Amino acid sequence: MAEKPIKLLTYNVHSCIGSDRKLDPGRIASVIAEAQADIVALQEVDVLRRRTGGIDQAHTIASLLKMQAHFHPALSVAEEQYGDAIITALPTGAVKAGPLPSIGEQRGALSVEILVGDRKLLVVNTHLGLRGRERMGQMTTLLNSGWLRGTAEEPLPTILCGDFNAIPSSATYRLAARSLKDAQLAGSARPRATFPARYPLMRLDHIFVTSDLIVKQATVLESRLARIASDHLPLVAEIGFA
């Protein structure tokens with residue numbers, strides 16, 4: 001096992017609007033800071049949207065964490081954008097972003113190559129659709145079209161994470177689990193639900209890894225602040241290279 005494991009956190013931040021209806025990007029940053037994550041994958045991030053005060057939430061959260069943000073808008077209307085972000089203080093290389101086949105609201109994915117010591121890691125962040133057939137098309141695209149390969153000749157060790165809107169019994173989850181490992185099943189702890197934040201019933205948010213990565217442990221953050229900051233709870237995994 002090389003180096004100490006990195007911590008990756010995935011979090012649907014609900015436009016930084018909490019279950020108490022308060023808009024507060026600082027609160028989201030505090031929840032993330034508690035986890036001491038090295039790499040942060042966020043979904044439902046607002047950038048320059050009137051409904052959330054016109055701020056760039058990706059940049060705001062990243063600057064509070066003293067990190068850099070990469071943002072991909074799944075949806076853009078004039079200046080207003082909404083989508084996914086990958087935030088880290090580690091050096092980053094190639095970035096890929098684009099739409100996924102969508103029936104309802106347009107969905108997309110964002111991948112960033114991240115340098116961990118002298119090793120390259122590919123992190124792919126996504127937020128899948130609300131319909132089962134749509135999610136299957138989106139997951140098939142992610143698994144088969146080069147998203148998980150990166151720009152290197154050889155496929156890179158890869159983490160696929162995000163809000164899949166898919167519980168473990170779903171076809172979409174099972175499709176991902178055929179070729180990737182679910183981080184929540186790697187440790188000895190029982191998998192925990194991530195949604196809704198106040199009374200979690202469903203495991204919709206996932207971290208999957210390729211076989212050349214080792215998951216030390218995965219936990220769902222259930223602090224008092226995490227329960228009100230968004231409508232999802234964050235999922236964190238400690239991951240190392242095999």
Side-chain angles (χ1 to χ4, degrees), residues 7-14 39-44 72 74 83-84 86 98-111 121-149 155-197 199-222 226 230-239:
K7 266 193 189 176
L8 177 131
L9 177 147
T10 183
Y11 195 7
N12 180 327
V13 298
H14 195 237
I39 302 167
V40 179
L42 303 180
Q43 305 85 41
E44 293 197 16
H72 171 248
D84 311 304
I86 292 175
L100 293 174
S102 302
I103 299 166
E105 181 183 294
Q106 180 61 56
R107 305 288 178 160
L110 168 67
S111 85
L121 175 69
L122 184 69
V123 177
V124 183
N125 177 25
T126 191
H127 184 191
L128 302 185
L130 297 174
R131 298 170 173 86
R133 187 161 57 93
E134 179 183 34
R135 287 194 295 273
M136 280 297 282
Q138 291 164 346
M139 183 59 74
T140 301
T141 299
L142 286 168
L143 294 175
N144 298 328
S145 68
W147 273 101
L148 301 193
R149 285 191 63 91
L156 292 172
T158 299
I159 299 169
L160 171 64
C161 64
D163 176 0
F164 291 4
N165 271 314
I167 56 173
S169 60
S170 67
T172 302
Y173 174 95
R174 292 200 309 267
L175 178 62
R178 262 183 232 152
S179 54
L180 302 166
K181 295 183 293 188
D182 178 350
Q184 279 220 66
L185 300 183
S188 53
R190 189 171 61 83
R192 311 288 300 213
T194 55
F195 179 84
Y199 303 103
L201 298 170
M202 290 185 278
R203 200 151 81 81
L204 300 181
D205 304 272
H206 304 284
I207 296 172
F208 277 95
V209 302
T210 47
S211 58
D212 42 13
L213 292 171
I214 294 169
V215 179
K216 305 286 275 182
Q217 63 169 352
T219 49
V220 173
L221 299 187
E222 298 184 75
S230 171
D231 63 345
H232 285 243
L233 293 171
L235 172 63
V236 187
E238 284 188 32
I239 298 164

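Along the sequence shown, residues are numbered consecutively beginning with 1. Here the structure is a predicted model, which means the values were calculated and not measured.
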- Query: If you take all heavy atoms of Ala183 and Ala218, which pair is closest and at what distance?
  - Reply: O-CB, 3.5 Å
- Message: So which atom in Asp212 and which in Pro157 form the shortest heavy-atom distance, rounded to 0.1 Å?
- Response: OD1-CA, 3.5 Å
- Query: Out of curiosity, Ser102 OG to Leu130 CG, how far, rounded to the nearest 0.5 Å?
  - Reply: 10.5 Å
- Phe164 and Phe208 aromatic ring geometry - parallel, tilted or perpendicular at 30°/60° bounds: parallel
- Item | Non-neighbouring partners of Asp182 that pass salt bridge (Lys or Arg N to Asp or Glu O under 4.0 Å), sequence neighbours left out | Arg203
- Message: Ignoring hydrogens and geometry beyond distance, is a side-chain donor-acceptor pair present between His127 and Asp163 at under 3.5 Å?
- Response: yes
- When rounded to the nearest 0.5 Å, the distance separating OG1 of Thr194 from CG of Leu201 is 10.5 Å
- Item | Student check: side-chain heavy atoms of Thr172 and Asn165 closer than 4.5 Å | no
- Got a second to check how far Ser188's OG is from Gln217's CD, nearest 0.5 Å? 8.5 Å
- Query: Do Thr210 and Pro155 come within less than 4.5 Å of each other through their side chains, counting heavy atoms only?
  - Reply: no
- Query: With a 4.5 Å heavy-atom cut-off, do Leu128 and Leu100 have their side chains touching?
  - Reply: yes
- Kindly indicate whether the side chain of Ile207, heavy atoms from C-beta on, has any atom under 4.5 Å from the side chain of Ile239. yes
- Item | Qualifying residues under ring-ring contact (aromatic ring centres under 6.0 Å, His included), relative to Phe195, sequence neighbours excluded | His232
- Which pair of heavy atoms, one from Leu143 and one from Ala176, lies closest together, and at what distance? CD1-CA, 4.1 Å
- Can you find a pair of side-chain heavy atoms, one from Ile39 and one from Leu121, that are under 4.5 Å apart? yes
- Task: With side chain to side chain contact (heavy atoms under 4.5 Å, CB included) as the test, would you mind laying out the steps for Gln43 and Asp205 before giving the verdict?
- Result: CA-CA 10 Å; Gln43 305 85 41; Asp205 304 272; 4.3 Å; yes
- Ignoring hydrogens and geometry, is there a side-chain-to-backbone donor-acceptor pair from Asp84 to His72 under 3.5 Å? no
- Task: Look at the side chain of Asn125 and the backbone N and O of Leu42, then say whether any donor-acceptor pair between them is shorter than 3.5 Å.
- Result: yes
- Rounded to the nearest 0.5 Å, the CE atom of Met139 sits from the CG atom of Leu175 at a distance of 6.5 Å
- If you look at every heavy atom in His206 and Leu204, which pair is closest and at what distance? CD2-O, 3.2 Å
- Query: Is there a side chain to side chain contact (heavy atoms under 4.5 Å, CB included) between Thr141 and Trp147 once you walk through the steps?
  - Reply: CA-CA 8 Å; Thr141 299; Trp147 273 101; 4.2 Å; yes
- Message: Nearest 0.5 angstrom please: Cys161 SG to Leu9 CG, how far?
- Response: 9.0 Å
- Can any side-chain N or O of Gln184 pair as donor or acceptor with the backbone N or O of Arg192 at less than 3.5 Å? yes
- Task: Verify side chain to side chain contact (heavy atoms under 4.5 Å, CB included) between Leu233 and Leu221, making sure each step is shown before the conclusion.
- Result: CA-CA 6 Å; Leu233 293 171; Leu221 299 187; 5.9 Å; no
- Query: Taking the side chain from Gln138 and the backbone from Arg107, do they hold a donor-acceptor pair closer than 3.5 Å?
  - Reply: no
- For Ala186, side chain to side chain contact (heavy atoms under 4.5 Å, CB included) partners two or more places apart: Val215
- Where is the tightest heavy-atom contact between Val220 and Ala193, given as atom of each residue plus distance? CG1-O, 3.7 Å
- Pro101 backbone acceptor or donor facing Gln106 side chain under 3.5 Å: no
- Which atom pair, heavy atoms only, marks the closest approach of Gly108 to Ala74? N-CB, 3.9 Å
- Mind running side chain to side chain contact (heavy atoms under 4.5 Å, CB included) on Leu142 and Leu160 for me, showing each step along the way? CA-CA 9 Å; Leu142 286 168; Leu160 171 64; 4.3 Å; yes
- Query: Hey, does the side chain of Thr10 reach the backbone of Leu235 with a donor-acceptor pair shorter than 3.5 angstrom?
  - Reply: no
- Message: Check whether Arg135 reaches the backbone of Ala166 with its side chain - one donor and one acceptor, N or O, closer than 3.5 Å.
- Response: no
- Any luck finding a side-chain donor-acceptor pair between Thr219 and Glu238 under 3.5 Å? no
